[in-house]
*Asks:* 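Got a structure for you, written out below as structure tokens; questions coming shortly.
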Amino acid sequence: MPVVGVIGGQWGDEGKGKIVDLLAERADVVARFSGGNNAGHTVINQFGKFALHLIPSGIFSPRAVCLIGNGVVIDPTALLQEIADLKAHGVDMGRLFISNRAHLIMPYHILLDRLEEASRGSGAIGTTGRGIGPAFTDKTARLGIRMGDLLDKEAFRERLRFVLDHKNKVLTRVFGAEPLPFDQVYSQFVEYGQTLAGFVRETEMVIAEALDKKRWVLLEGAQGAMLDPDFGTYPYVTSSSPLMGQACLGAGVPPTKIDRVLGVYKAYTTRVGGGPMPTELTNEIGDCIRENGHEYGATTGRPRRCGWFDGVAASYSARLNGLTGIALTRLDILDTFESISVCIAYRANGATYHRPPSSLALLARCEPVYEEVPGWRQPTGQARDFKDLPKAAQEYVRTLERVVGCPVDIISVGAERERTIFVSELP
Ligand code: IMP
């Protein structure tokens, strides 16, 4: 039985939610290992339409145990809201477990995210404002508070006193903001601890046992490779690694145990927030992709920046993640175009680049070099087999395989589960 990872190959919002929801039908364990409620995984199925932020998209599977791993940062308010919404739709929460080692997003993290963004002025990252960066900063700075800490009220009181005292100094002295009252934060989080206690586990051991029993484990990534703090468009990135390797650290999966890595890519490119995006189209083509694809953020509602498929970023992320296959989503959004472009290289200062340069200034100057392919101008939403696709759409898929250097295993032609083509048999 395999361990399969599903990660985003671009700048996030690739449609990981649908792919995980589909694959989770066969999974025994589904685990999130990075990010927080900055993610918005859209799933449409028999229970309704959901934008999941923290709970794994495998939650709808009748049998999968769903884990929020230690690598995820948790805002208890957002989590409880999500649990309540899912329960109201009849989804069983008895199989959800949260790592006792997962760090918490505290109220000061959300305040600091917004204050830090405001202080960046025109260089603002365009964060989701959910406190993600400050929470991961505190984890590394050893100032974090973890899910398990809430279960011991006395130890938590001491820890919060120390941390809040420090954070209030930053809020008041650096940003001139109001301090947060200890009693209010303490009592609110003690209550969260009591409400969530039944969900808290050593989730890495749940995975270890599943591996021992050779069970099917699905690792659900969040965001996309180009938002990675090391390999993405730094500093316009998120604060935890969206790469497959992060599953080892953020869920406790040994590196030698991951059998397959599925990279989810849209048939074009989108990005939310600031930072370079070489194939961005600030013209009617970009607008058309945005409107056809309803490209507005599932978490913040912000319009997404849209452009042609960036094969330079895509092949780079395929290598970094060691992809064994691609899940290509939203092919149907390109149905109306007469001709479609695929970026195969960047050019800047007279030089050609086949990988994204690490220098932000250089990347910002990069112009895309395009290969033109004919469009198909026919609806693809009803295709259920690769050969049902118009010839030009088949050619487009083959072009992307060549450019990314990886076979396409799944093609999605609509948000619903049934609008899916399995090109090759998955484990
Ligand atoms: P943060 O993760 O909220 O700190 O935001 C940092 C950057 O990552 C911003 O550009 C966000 O728009 C982007 N980002 C974070 N989460 C997602 C996501 O799930 N999809 C797309 N972009 C995201």
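Whatever order the structure lists them in is the order used to number ligands and atoms, beginning at 1.
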*Asks:* Is any NZ, NE, NH1 or NH2 atom of the basic residue among R290 and E295 found under 4.0 Å from an Asp or Glu carboxylate oxygen of the other?
*Replies:*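 E295 and R290: not salt-bridged.
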*Asks:* Measure and list all N/O to N/O distances between ligand 1 and the protein that fall under 3.5 angstrom.
*Replies:*
from	atom 1	to	atom 2	distance (Å)
ligand 1	2 (O)	N38	ND2	2.9
ligand 1	2 (O)	T238	OG1	2.6
ligand 1	3 (O)	T128	N	2.8
ligand 1	3 (O)	T128	OG1	2.6
ligand 1	10 (O)	V272	O	3.1
ligand 1	12 (O)	G126	O	3.3
ligand 1	12 (O)	V272	O	3.0
ligand 1	12 (O)	R302	NH2	3.0
ligand 1	16 (N)	Q223	NE2	3.2
ligand 1	19 (O)	N38	O	3.4
ligand 1	19 (O)	Q223	NE2	3.4
ligand 1	20 (N)	D13	OD1	3.0
ligand 1	20 (N)	D13	OD2	3.4

*Asks:* For D310 and T269, which I'm curious about, is there any donor-acceptor pair between the side chains at under 3.5 Å?
*Replies:*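 Their side chains do not contain a donor-acceptor pair, so the 3.5 Å distance test is not met.
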*Asks:* Does R161 count as lying over the ring of F182, i.e. NZ or CZ under 6.0 Å from the six-ring centre, within 45 degrees of the axis?
*Replies:*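 Relative to the ring axis of F182, which defines the angle, R161 lies inside both limits.
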*Asks:* Does the gap between the ring centers of F199 and F97 come in under 6.0 Å?
*Replies:*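 No, the ring centres sit 6.0 Å or more apart.
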*Asks:* If we ignore angles and hydrogens, is there a donor and acceptor under 3.5 Å between the side chains of N38 and Q223?
*Replies:*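 Indeed, the side chains of N38 and Q223 share at least one donor-acceptor pair under 3.5 Å.
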*Asks:* Closer than 4.0 angstrom, basic N to acidic O: yes or no for E25 and R417?
*Replies:*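 Looking at R417 together with E25, the answer is yes, because their closest N to O distance falls below 4.0 Å.
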